[in-house]
Structures are given as C-alpha cells and as structure tokens.
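Working notes for the structure below.
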Protein chains: 2
Amino acid sequence: MKARGWNAPDLRKRNRAGILNLVHSTRNIARNDLALELGLTRASVTILVNELIDEGLLEEAGTQIAEGRVGRRKIALRIRPEAGRIIGVGIDQERVQVLLTDLAGSVLGVRDLPPPATLARYGDEPAERIVHAVAEATGELLGPASPCKAGVLWMGVGVTGRVDAEHGISVREPRLWNGPVSLADPLALHFGVPTSVDNNVRALALAELLLTEARGSEPAGLLFVKYGPGVGASWTVGGVPWAGAHNRSGELGHTVVAAEGPVCPYCGRVGCLESLVSARTLGIRLARPRSKIEELCHALLEIAPEEFAQLASWFALALGNAIELYDPTTVALYGAPFRSGPLFDEIADRVESNERPCEIKRSNLDPELPALGGAALALERFFLAGGPKPC
Amino acid sequence: MKARGWNAPDLRKRNRAGILNLVHSTRNIARNDLALELGLTRASVTILVNELIDEGLLEEAGTQIAEGRVGRRKIALRIRPEAGRIIGVGIDQERVQVLLTDLAGSVLGVRDLPPPATLARYGDEPAERIVHAVAEATGELLGPASPCKAGVLWMGVGVTGRVDAEHGISVREPRLWNGPVSLADPLALHFGVPTSVDNNVRALALAELLLTEARGSEPAGLLFVKYGPGVGASWTVGGVPWAGAHNRSGELGHTVVAAEGPVCPYCGRVGCLESLVSARTLGIRLARPRSKIEELCHALLEIAPEEFAQLASWFALALGNAIELYDPTTVALYGAPFRSGPLFDEIADRVESNERPCEIKRSNLDPELPALGGAALALERFFLAGGPKPC
DNA sequence: CCCTATATGTTAAAGTCTTTAACTATTGTA
DNA sequence: TACAATAGTTAAAGACTTTAACATATAGGG
C-alpha cells in the first residue's frame with residue numbers, strides 16, 4: 001500500500017515534470033500543444049513554462065510553421081542544452097564507463113576505466129573504488145572544478161546485478177563484489193550531486209526510450225533485451241521499468257527453453273537460456289574462453305551453423321514466451337551480437353512467425369556506450385524532480 | 001505518452017480514493033493513521049473523512065484500543081456497507097454469473113445463467129443477450145426497482161478473451177461471439193449505472209487483492225494464475241493489473257514448456273502449456289470430452305500418475321519462467337483443480353525448489369464465484385472515482 | 001489598406017485544495 | 001488535580017489551477 005496522498009506542491013512538480021518530459025521527447029512543442037497534451041489550460045502552461053524559461057531550463061526557438069492557415073504562430077520550445085549537464089555511469093564486469101551529456105541528451109564525452117575488481121589503486125572498499133574512478137573520469141571530462149560547480153545537475157548509475165533503486169544499493173552482484181554495496185549515497189556525498197542508481201538493463205531500457213532518435217514515439221510497453229556475457233531484459237510500463245518485488249525482474253536469461261543442457265551456475269536450472277548461450281558456455285564450446293560474445297557468435301556461425309541456428313531458436317523461444325506474458329508494443333534487442341551478422345534476423349524471423357502484433361527491432365543504442373543507461377536514469381529523475389536542486 | 005497534468009479537483013479525488021482504499025483494505029483505521037499512511041495532515045483527512053461520512057460512504061465504529069498508553073483514543077472508521085451495492089458479472093464459456101455485494105464487499109446474492117451462446121431467447125445480438133440476462137438476474141436479486149434506484153453504485157464485468165478495458169469492449173473472443181462486442185456502453189445505458197469491463201483473469205486478480213480475507217497485505221507484485229478450461233494469468237503492479245499493449249498480456253498458457261506435443265489450436269505453437277494441459281487435451285486423452293478440468297485432473301492422477309506428474313512439471317516450468325520475468329511477491333493459483341487433490345502441492349514443490357523468495361499459495365477466491373472479478377473491478381473503479389455519481 | 005476571423009500567449013481575479021497553527025477532546029500517570 | 005500525550009477540529013493562510021478578459025500575430029477579403 002504505497003499510494004500516497006498529494007498536495008498542491010506535488011501537483012505543481014508533477015505538471016512541471018510533464019512539461020519537461022514532453023518538451024524533451026518531442027524536442028519542439030508550443031505552449032498551446034503542451035496544454036492540449038497535458039489537459040491543462042493555456043494559462044497554467046504559460047505560467048509554468050515561463051518559470052522554466054526564467055530558471056534557464058527551457059528556451060524559445062523561433063516561430064513554428066502553422067498547422068492551420070490563419071492565426072498567430074506557435075512558439076516552439078526546447079530544452080536549453082547549456083542549462084546543465086548529466087553524468088551517466090555504467091558498471092559491469094568489463095569496465096566502468098563515465099559519460100557526460102548536456103541537458104538535451106547529447107553526448108559530450110566518454111571515459112572508460114577498468115572493471116571494479118581491477119581498480120585496486122583506488123582503495124579496498126568497492127564504493128570507494130567507484131567514487132575515485134568516477135572522480136578521475138569526471139576530472140578529465142569537466143576539468144578541475146567540482147561537478148556541481150561545473151553545472152552537473154544529476155548523476156545516474158547503471159550497474160549489473162540486483163539493485164535496490166530506492167536506496168541506491170547494489171544488493172547482490174557476486175561477479176563485482178561480495179555483499180551489498182551502497183553507491184548512491186557515497187557518490188552524492190562526494191560530488192555534491194543528486195545520484196540515482198539502478199540495474200544496468202533497466203537503465204538501458206530507459207535510455208532506449210529517452211535518448212534515441214526515435215524518442216517521443218514512446219511505446220506503451222517496451223521489452224528491452226540485452227545480450228552481453230549473459231542475457232537480461234527489462235520491461236517498461238508507461239515509460240517506467242518494473243524492477244520486480246525483489247529487484248530481480250526480467251531474468252529472461254534464466255527462463256528455461258530446453259530440456260537438456262549444462263546446469264546453470266547462477267540459477268541452478270537445466271536448460272535456461274543463459275546456460276546455453278552465455279559467453280561462458282560458448283567460450284567453452286569453441287575453446288576460446290576469453291572472447292567477446294559477438295566474436296563467439298560469429299565463430300559459431302562459421303564453425304557450426306546448425307548450432308548457431310539452434311541458438312537463434314532458443315532465443316526466439318524465450319522471447320516468444322516473454323512476449324506472451326508481457327504483450328509489449330516493441331521488443332528492442334541490444335548488444336553487439338545483434339549489430340552485425342545474421343543473428344538478429346534469424347531470431348526475429350522465428351519469433352515473428354507467430355504473427356503477434358509487436359515490433360521486433362534492433363536497439364537504437366550503441367552497445368559501446370553502456371553508460372547511456374545511467375544518463376537516462378539521471379535525466380528521468382531530474383525531470384521527475386521538476387528541476388534543479390541548489391548546489 | 002499518457003502522462004496527463006493534474007489540477008486541484010484531481011488531487012482531491014485522488015486523496016479521497018486513497019482514503020476509501022485504505023479504509024477498505026484495513027477495514028478499520030483512524031483519521032490519524034490515515035494521515036500518517038497517506039502523508040497528508042490530520043486536518044485534511046478530517047475534512048475529507050467527514051465529507052465521506054456526510055455522504056454516507058464511511059461510518060465511525062466505536063473507539064479503538066490505544067496503541068500508546070496515554071492520549072485520546074482513535075476512532076475507527078469503516079466503509080458503510082449499506083451505502084450502496086455493487087454488481088459483478090462474470091462471463092465465460094460455462095456461464096454468465098451475476099453477483100451482488102454491499103459496498104464493503106460482502107456477497108449478498110448470486111445468480112447463474114447459461115453461457116452467452118445459449119441465451120437465444122434474449123435476442124440475436126451478443127450485447128443484447130448479456131444485457132437481458134443480467135437484467136433477469138438483477139431483477140431476482142434486487143427486485144423490480146431499477147438497479148440505480150436500488151442503490152447500485154457501480155457495475156463490473158469480467159469476460160474471457162481480449163478486452164479493451166478503456167472502451168469496455170470485448171475485442172476478440174471467438175469462443176463466445178464473432179467479432180468485437182461493446183459491453184460497457186449498452187449495460188451502463190440500460191441500467192443507468194457506471195459500468196467497467198475487463199478481462200476475467202485480470203478482474204479476478206483484482207478480486208484476490210480487494211475481496212479476500214487477506215486484503216490489506218497487498219503484495220507489491222501479484223502473479224495470479226487461473227486454471228480452468230485453459231490457463232491464463234494476470235500480473236498486478238502496485239495493485240493494478242497490466243493489460244499489455246494489445247490487451248493480451250498474461251498468456252501463460254501459450255508459453256512453450258515442451259519440445260513436443262499437439263499443435264495448439266489457439267496459438268499455433270507446439271508445446272505450449274495449454275496445448276498440453278487444457279480440458280480439451282485432457283478430455284481427448286482420457287476419452288471424457290465433456291468433463292470439467294478438476295475431474296480430468298483427478299482422473300489423470302488415478303489412471304496415469306506419471307502423466308499427472310508430467311503435467312505438474314510443465315505447470316511448474318511455466319510458472320518458474322513467469323516468476324523469472326515478473327519477480328512477483330506472491331503467486332496465487334486459482335481454479336477448482338487446485339482446491340483438492342495433490343496438484344497444488346506437486347506444482348508448488350517443483351517451483352519452490354528454485355529457492356526464489358516468492359510465496360506460492362492457493363487463491364483465496366472460491367472458483368465457483370467467477371463474478372467476484374467483476375465486483376472487484378467495480379469496487380476499484382468506484383473508489384478511484386472518489387465516490388458515487390448522481391443516479 | 002483596413003477589417004474580420006482565427007489561433008496563440010498573457011494576466012489578474014476567482015476558485016479549489018491542503019497546510020498551518022491554534023484549540024478542543026480524551027485518556028493515563030504523577 | 002495537574003499535566004503530558006495523542007486524536008480530532010477549525011479558521012485563516014498558502015499554493016496551484018482555472019476562469020475570463022485581453023493582447024498579439026497571421027491570413028484573407030472587401
């Protein structure tokens with residue numbers, strides 16, 4: 001029972017957030033259309049928009065062509081990119097990536113650092129290592145001034161494993177550290193910037209909605225699937241990823257798709273998708289233990305095309321089951337293996353043969369920029385908060 | 001993009017709904033605790049509660065024992081059952097069931113009518129048949145006065161198949177009728193009562209949350225599974241069932257759990273759960289084509305225990321996959337086959353062996369009262385609307 | 001060239017809710 | 001009996017949005 005009551009300031013915050021979200025996603029919208037879209041009066045929108053302009057978050061951008069023949073022209077509004085910056089962080093087994101964007105979501109710079117386990121030079125505590133690694137990267141991206149002084153408004157972190165987003169804690173991720181690691185508080189404290197943390201796949205799903213060219217055509221339900229060393233998924237309802245009751249939802253990789261196979265070291269099942277298609281499993285099969293997943297997929301196609309087809313079938317089976325349960329508008333497949341080669345088409349063909357009216361597409365996100373997830377998380381929370389907090 | 005703006009009356013409606021929901025689910029709560037729970041001030045709650053009492057929706061119920069040692073005692077509040085009545089309707093292949101409850105959710109009466117296909121005496125049009133069937137039942141339950149005059153505040157209909165809840169239309173259900181059937185508008189028009197329509201499984205999931213003894217301990221995520229002639233599921237986030245982008249979500253019965261089996265006549269797949277465990281399939285296997293599913297399960301256990309175990313395994317596999325994807329707090333299994341016999345335990349044991357922290361339990365709902373789903377739907381919408389509309 | 005119709009944006013006063021702050025009511029304890 | 005503690009009430013103040021005019025901008029017609 002978490003339905004809380006609301007008061008007038010909550011209401012204003014909500015309406016401000018609605019305006020910021022719409023301006024962001026449409027990139028170009030007039031006060032009048034905001035009023036229509038949000039169901040508010042033009043008067044209210046004028047008041048809120050002019051306040052946002054005064055605060056420097058929005059700006060007017062010339063006159064827009066009329067839709068009707070007569071009448072005063074609409075004044076297009078847009079996010080003022082220089083209004084502030086966003087730091088996105090992506091943490092997984094392969095690296096810690098730090099990414100800087102402006103408030104409109106354009107990437108201003110990226111830095112890659114080694115994975116958490118190899119950041120020993122920064123200390124013993126996992127959180128400490130992350131803080132210092134991010135500090136080093138932001139130093140390069142922003143200069144010596146503190147992020148807060150340099151105009152950073154929000155920071156978002158996407159990290160693998162189970163994450164308690166409410167408290168900003170990595171609850172469980174044995175591949176990175178032993179035991180829970182609190183991330184949001186140490187980062188917020190060190191950088192003086194509000195910080196949000198969530199699972200990396202959920203964060204990337206949000207990036208798919210907020211930071212791609214296709215944004216604005218926000219699907220009612222997005223099933224976002226990531227194929228990296230393992231397989232994970234996230235599922236958004238009305239633009240919000242569902243974390244599950246125990247922050248474990250979207251474990252597409254641990255759904256069972258075959259009656260036989262190795263015992264999965266993570267879930268203990270036989271025949272779960274990840275036990276069949278993970279980088280670990282393919283690495284053993286192909287005797288190339290350290291290779292990246294896209295190389296392994298490519299090699300499998302070369303060496304054993306029938307096993308490659310089998311892999312696509314397993315994937316399609318898992319996807320088909322997930323589609324039956326979620327009924328999404330769109331399925332987005334993210335990860336290097338889908339970028340080149342026939343894997344995406346092999347999978348999509350097998351799923352779409354079931355004539356379900358949902359679009360299966362390649363993610364619009366660059367798999368080399370996992371920190372985009374963190375940036376999207378930060379942007380969403382910033383909008384939700386209705387604007388900046390004092391530095 | 002459905003995030004709408006809010007104004008002051010919306011706010012009041014939301015807060016009223018929050019109060020009604022809390023009083024309903026706790027059955028017994030004081031103004032002060034409402035304020036704490038909702039994050040409003042005692043002053044606001046006093047104003048809203050006294051208004052609800054004036055309108056006859058709430059009533060005070062004696063003094064509550066103090067939690068602290070000193071201080072004025074809390075005044076317990078409860079829904080005033082006589083404040084109005086709710087009509088719930090359940091429509092499936094087996095029957096049209098009409099059910100009357102008071103505003104507190106107690107069942108006052110039930111009437112069963114034949115399935116839609118055999119209601120020819122009421123006319124040709126499906127909607128017309130339903131309207132007249134419900135009219136006959138409500139006549140018996142309420143007397144000759146129109147439902148509106150007889151104090152009915154809201155009506156809810158749970159119907160099998162794909163339902164567009166927003167417009168109250170049965171979009172697709174070939175087993176009941178050919179083509180879409182608009183239900184909400186004809187019913188609301190004929191009875192003069194606001195009417196909500198949704199899929200029956202989603203409606204029953206809502207009933208599990210709102211109309212059982214265990215209400216109040218509302219799980220953050222409920223996976224509700226119905227085993228009747230087929231297998232369906234619904235999944236609620238924060239008390240709201242997710243319908244999916246095309247009103248098709250929760251098709252647990254059409255997720256694939258085996259590599260072999262008959263081709264499913266509904267989804268066209270091989271090995272989907274429903275193709276293996278439906279009443280149709282079991283009826284053929286056991287040469288008892290017209291039997292009910294619970295009888296078939298019982299017979300299977302007698303005749304071929306190893307096939308019964310197989311059935312439980314398939315079920316557990318499908319459930320395990322759904323749990324991986326949804327990460328629910330609770331899984332509730334609804335339907336006559338789970339009420340008696342070892343099926344529930346067989347399934348629960350197999351799923352729980354995966355040591356996932358989610359409770360698997362029998363539904364608290366009586367499988368003989370499918371119309372409870374409609375009643376829950378109506379109650380939810382009534383609360384959401386913040387109170388009654390003029391007759 | 002002016003007038004009108006039409007659409008967008010702005011403002012001050014009014015309306016709707018919640019909060020604030022003080023007050024009343026009830027109960028146990030010193 | 002005084003008093004501390006908790007629950008509930010009320011009037012005035014505060015925070016938003018809406019209402020209802022009004023101002024601004026553009027096309028087209030006489």
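The figures here come from the full heavy-atom set of this structure, side chains too, leaving out hydrogens, waters and symmetry mates. Lettering follows sequence order; numbering is per chain, from 1. Small disclaimer: the values here were computed from a predicted structure and weren't measured.
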Between [X] ([atom1]) and [N] ([atom2]), how many Å, whole number?
X: B/Trp6; N: C/dT16; atom1: CH2; atom2: P; answer: 19 Å
X: B/Leu11; N: C/dT16; atom1: CG; atom2: C1'; answer: 10 Å
X: B/Leu48; N: D/dT10; atom1: CG; atom2: P; answer: 14 Å
X: A/Glu51; N: C/dT11; atom1: CD; atom2: P; answer: 14 Å
X: B/Lys13; N: C/dT18; atom1: NZ; atom2: P; answer: 13 Å
X: B/Asn28; N: D/dA7; atom1: CG; atom2: P; answer: 14 Å
X: A/Leu34; N: C/dT8; atom1: CG; atom2: P; answer: 12 Å
X: A/Ile75; N: D/dA23; atom1: CD1; atom2: C1'; answer: 12 Å

Select one nucleotide: of [options], the one nearest the side-chain heavy atoms of [X].
X: A/Pro9; options: C/dT18, D/dT17, D/dA15; value: D/dA15
X: A/Arg73; options: C/dT18, C/dT27, D/dT26; value: D/dT26
X: B/Val70; options: D/dG8, D/dA5, C/dT19; value: D/dA5
X: B/Ala43; options: C/dC17, D/dT10, D/dT18; value: D/dT10
X: A/Lys74; options: C/dT8, D/dA7, D/dT17; value: C/dT8
X: B/Thr46; options: D/dT6, C/dT18, D/dT10; value: D/dT10

When you measure from the side-chain N and O atoms of [X] to the phosphate of [N], is any distance below 4.0 Å, counting only OP1 and OP2?
X: B/Arg14; N: C/dC17; answer: no
X: A/Asn7; N: C/dC17; answer: no
X: A/Ser44; N: D/dT17; answer: no

Answer with yes or no whether B/Arg42 presents, from its side chain, a donor or acceptor under 3.5 Å of a partner atom in the base of D/dG8.
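Side chain to base: pair found, below 3.5 Å.
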Base of D/dT6 paired with side chain of B/Arg72 (donor-acceptor, under 3.5 Å)
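No.
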Residue whose closest nucleotide on DNA chain C lies nearer the 5' end, B/Leu40 versus A/Asn50:
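Its nearest nucleotide lies further toward 5', so the answer is A/Asn50.
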Return yes if some donor-acceptor pair links the side-chain N/O of [X] with the main-chain N/O of [Y] below 3.5 Å, else return no.
X: B/Asp198; Y: B/Ala165; answer: no
X: B/Thr329; Y: B/Gly221; answer: yes
X: A/Asn7; Y: A/Asp10; answer: yes
X: A/Thr212; Y: A/Glu208; answer: yes

Given the side-chain rings of A/Trp242 and B/Trp242, with only the six-membered ring counted for Trp, is the space between their centroids under 6.0 Å?
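A/Trp242 vs B/Trp242: aromatic centres not under 6.0 Å.
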Would B/Glu55 and B/Arg80 count as a salt bridge (Lys or Arg N to Asp or Glu O under 4.0 Å) here? Give the steps.
CA-CA 10 Å; B/Glu55 293 170 19; B/Arg80 193 168 148 265; over 6 Å; no
Mapping B/Asn32 and B/Ile47 to their closest nucleotides on DNA chain D, which lands nearer the 5' end?
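Comparing both residues, the 5'-ward one is B/Asn32.
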